[in-house]
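Everything below concerns the one structure shown next.
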Amino acid sequence: ASLTRIAVFGVQNLSNTAWAFAPLRFRSEPLLPAISRRAIATMEVDADAFDPQSLANTAWACARCCFGDRTLLAAISKAAMRRLREFASQNLTNTAWAFAPLSVIDATPLMNAISSPALPRIS
């Protein structure tokens, strides 16, 4: 049922659906690519459509499901880097954790950017 409705899913629906499959590490081939296409299209129209939690949750879900869609991860990275100062500590942690094992894109700029708002919170 979700596949037929993906086209009308908002940001939270996309993020929550991806997140729901992640603990099971269930990589649904038709569903995850459909979520990815819709998320990318949404970010192309509105670069700030995904809030920090939705960015972090979507990245985390990709990592848990070993879903390394380069275009989606690059879009998440770019959107996250613009908004890192808005990220809660949990969002920073989940985003860093998600990109660490997914070596499909160079996450070094994102990881360096995450360290900036994270360091004062640790000290």
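All values derive from a computational prediction rather than experimental measurement. Along the sequence shown, the residues carry numbers beginning at 1.
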Could you tell me which non-hydrogen atom of [X] sits nearest to which non-hydrogen atom of [Y], and how far apart they are?
X	Y	result
Ala49	Val11	O-CG2, 3.6 Å
Ala96	Ile114	N-CD1, 3.9 Å
Ala63	Ala98	CB-O, 3.5 Å
Ala79	Met43	CB-SD, 4.2 Å
Phe50	Arg83	O-NH1, 2.7 Å
Ala61	Ala18	CB-O, 3.4 Å

With rounding to the nearest 0.5 angstrom, report the [atom1] to [atom2] distance, [X] to [Y].
X	Y	atom1	atom2	answer
Met111	Asp106	CE	CG	10.0 Å
Phe21	Arg64	CZ	CZ	14.5 Å
Leu110	Lys78	CG	NZ	13.5 Å
Met81	Thr95	CE	OG1	12.5 Å
Trp60	Asn91	CH2	CG	13.0 Å
Arg38	Thr17	CZ	OG1	12.0 Å

Check: Gln12 main-chain N/O paired with Ser15 side-chain donor or acceptor under 3.5 Å:
no

Looking at Asn16 and Asn13, would you say the former's side chain and the latter's main chain have a donor-acceptor pair under 3.5 Å?
no

So do the side chains of [X] and [Y] get within less than 4.5 Å of each other, counting heavy atoms only?
X	Y	answer
Leu84	Ser116	no
Ile6	Ile35	yes
Thr42	Phe9	no
Thr58	Leu14	no

Sequence neighbours left out, cut at 3.5 Å: what donor-acceptor pairs do the side chains of residues 67-77 make with other protein atoms?
residue, atom, partner, partner atom, Å
Asp69, OD1, Thr71, N, 3.0
Asp69, OD1, Leu72, N, 2.9
Asp69, OD2, Ser36, OG, 2.8

What I want to check is whether the side chains of Ser54 and Asp51 have a donor and an acceptor closer together than 3.5 Å.
yes

Only counting residues at least two apart or in another chain, list the ones meeting salt bridge (Lys or Arg N to Asp or Glu O under 4.0 Å) with Arg37.
none

